[in-house]
Amino acid sequence: MKLFSLTLFLCIGFWGTPKESNTEIPPVSPEMERFSVQLEAIKATIAKNNAYNAKIAFFVDMKIKSGKNRFFIYDLENNKIIEEGLVANGSGSETTVRGELKFSNEPNSKCTSLGQYAIGKAYRGMFGKSYRLLGLNESNSNAEKRAIVLHPYSAVPEEEQDYYIYNSQGCPMVSEAFFKKLEKIIDSSKSKIVLSIYY
C-alpha cells in the first residue's frame, strides 16, 4: 500500500467531505478499512492509559504480502503516515496457500501473534539492538515468554519487491535501515509506543 493512498483516505475518505463539495470520494479499499478499525482501537487503548504515547503509533497489516510495505509509523496528532517499511512474519504462520497466514500465541509455534503490543526496553541480543514487546491482548499474552521482540535483520530488504521476504521466528523483523528510523522514534519517546499487528 502506498503512503499517499492511505493518507488520502484518512484525510478524505474516513472523515468524509462537506455535503456541498462535488469532490468524488475515492473508493475505500480493504486495506483502508482494516486500518481504520485498528486506528480507532489503538486510540481507545491509549485513551485508557496515560503510560502510552498519544502522538505516535505503529501498525502492521499482515494481510499485505511481505514483499510490500506493511509496517506503518503513524502520526496520531496529524492523522497521517510518516514512514512505512517491510516487516517479516513468523515462519510458523505460513500455510499451504502462499499469501494466506495463520497465527498463534503458543510457545515454539514460530507464528506471528496478532494484537496490540507495548514496546518495551531495548537490549542487545543476537540481532544487535532489539526492543522487548509486551502483549496487551489474550491473542499475544505470551509475547515475553516466547521472546517476541522488534529487531532488525540484514536479510530483510529496504525496498519493496514482487516476491516474499525472509521469515522470522515469530518476531516483527525489519530491515536495518527501517529499524534505525524506528529506533530514533522509540528512544526519543518518554512513554511507551503501542504497536498493532492485525490481519
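These numbers come from the heavy atoms of this one structure, side chains and all, not from hydrogens, waters or symmetry mates.
Summarising the geometry of S175 relative to P152, their closest heavy-atom pair is O-CB, 4.2 Å, with the distance given to 0.1 Å. In terms of heavy atoms, R146 sits closest to G170 at NH2-CA, 4.4 Å.
Here OG of S29 is found 11.5 Å from CZ of F35. Values are rounded to the nearest 0.5 Å. In this structure, the separation between CZ on F59 and CD on E84 is 13.5 Å, given to the nearest 0.5 Å. Interatomic distance, I64 CD1 to E160 CD, rounded to the nearest 0.5 Å: 9.0 Å. Interatomic distance, OG of S154 versus CE of M173, reported as 9.0 Å (0.5 Å rounding). Rounding to the nearest 0.5 angstrom, the gap separating the SG atom in C171 from the NZ atom in K110 is 12.0 Å. For the atom pair CD1 (I186) and CG (L150), the distance works out to 5.5 Å, reported to the nearest 0.5 Å.
With sequence neighbours left out, F178 forms a ring pair (Phe, Tyr, Trp, His ring centres under 6.0 Å) with F71. Remark: R124 pairs with no residue by the salt bridge (Lys or Arg N to Asp or Glu O under 4.0 Å) rule, at least two apart or across chains. Every side-chain contact (heavy atoms from CB on, under 4.5 Å) that E77 has, sequence neighbours left out, goes to K55, D75. A search for ring pair (Phe, Tyr, Trp, His ring centres under 6.0 Å) contacts involving Y199 returns F103, not counting sequence neighbours. With sequence neighbours excluded, the residues satisfying salt bridge (Lys or Arg N to Asp or Glu O under 4.0 Å) with E183 are K129. With sequence neighbours excluded, the residues satisfying ring pair (Phe, Tyr, Trp, His ring centres under 6.0 Å) with F179 are Y131. S188 is linked by a side-chain contact (heavy atoms from CB on, under 4.5 Å) to nothing, counting only residues two or more places apart in sequence or in another chain. Taking the side-chain contact (heavy atoms from CB on, under 4.5 Å) definition, one finds that S104 meets it with E106, S109, C111, sequence neighbours left out. Residues forming a side-chain contact (heavy atoms from CB on, under 4.5 Å) with I165 (at least two apart in sequence, or on another chain): S66, L86, A88, V156, P157, Q161. Applying the ring pair (Phe, Tyr, Trp, His ring centres under 6.0 Å) criterion to Y123, with sequence neighbours excluded, gives no partner residue.
Linking Ile, Leu, Val, Met, Phe, Trp and Tyr whenever their side-chain heavy atoms come within less than 4.5 Å puts I119 and L114 in one cluster. Both I148 and L195 belong to a single network of hydrophobic side chains, linked directly or stepwise wherever heavy atoms of I, L, V, M, F, W or Y lie under 4.5 Å apart. Each of V174 and V149 belongs to its own hydrophobic cluster when Ile, Leu, Val, Met, Phe, Trp and Tyr are linked at side-chain heavy-atom distances under 4.5 angstrom. No chain of hydrophobic side-chain contacts below 4.5 Å, direct or via other Ile, Leu, Val, Met, Phe, Trp or Tyr residues, connects Y153 to I197.
For the 3.5 Å distance criterion, the side chains of N105 and S141 qualify, holding a donor opposite an acceptor. In this structure, a donor-acceptor pair under 3.5 Å is present between the side chains of N53 and S189. Side-chain contact, N89 with E94: a donor N or O sits under 3.5 Å from an acceptor N or O.
Judged by distance alone, with hydrogens and angles left aside, the side-chain atoms of N49 form a donor-acceptor pair with the main-chain N or O of A51 at under 3.5 Å. Looking only at distances, no side-chain donor or acceptor of S93 sits under 3.5 Å from a matching main-chain atom of L101.
Residues Q38 and I42 are not in side-chain contact: their nearest non-hydrogen atoms beyond the backbone lie 4.5 Å or more apart. Looking only at side-chain heavy atoms (C-beta outward), K63 and E31 stay at 4.5 Å or farther from each other. Side-chain atoms of Y117 and L136, non-hydrogen and from C-beta on, never get closer than 4.5 Å to each other. Between P172 and L133, the closest side-chain pair of non-hydrogen atoms falls below 4.5 Å. With contacts defined as side-chain heavy-atom distances shorter than 4.5 Å, the pair I193/Y52 does not qualify. Between R34 and Y198 there is a side-chain heavy-atom pair separated by less than 4.5 Å. The shortest side-chain heavy-atom distance between V60 and S196 does not fall under the 4.5 Å cut-off. Contact of the I56 side chain with the L76 side chain is not registered, since no non-hydrogen atoms from C-beta on lie closer than 4.5 Å.
In this structure, F127 and H151 have parallel ring planes: the angle between them is below the 30° cut-off, well short of the 60° mark.
Each salt bridge (Lys or Arg N to Asp or Glu O under 4.0 Å) pair with one or both residues in residues 162-179, not counting sequence neighbours, appears once here: K68-D162.
Annotation for V97: hydrophobic cluster partners, listed by chain and number, are none (ILVMFWY side-chain heavy atoms under 4.5 Å, direct or chained).
Partner of Q116 under the side chain to side chain contact (heavy atoms under 4.5 Å, CB included) criterion, chosen from I46, L134, V194: V194.
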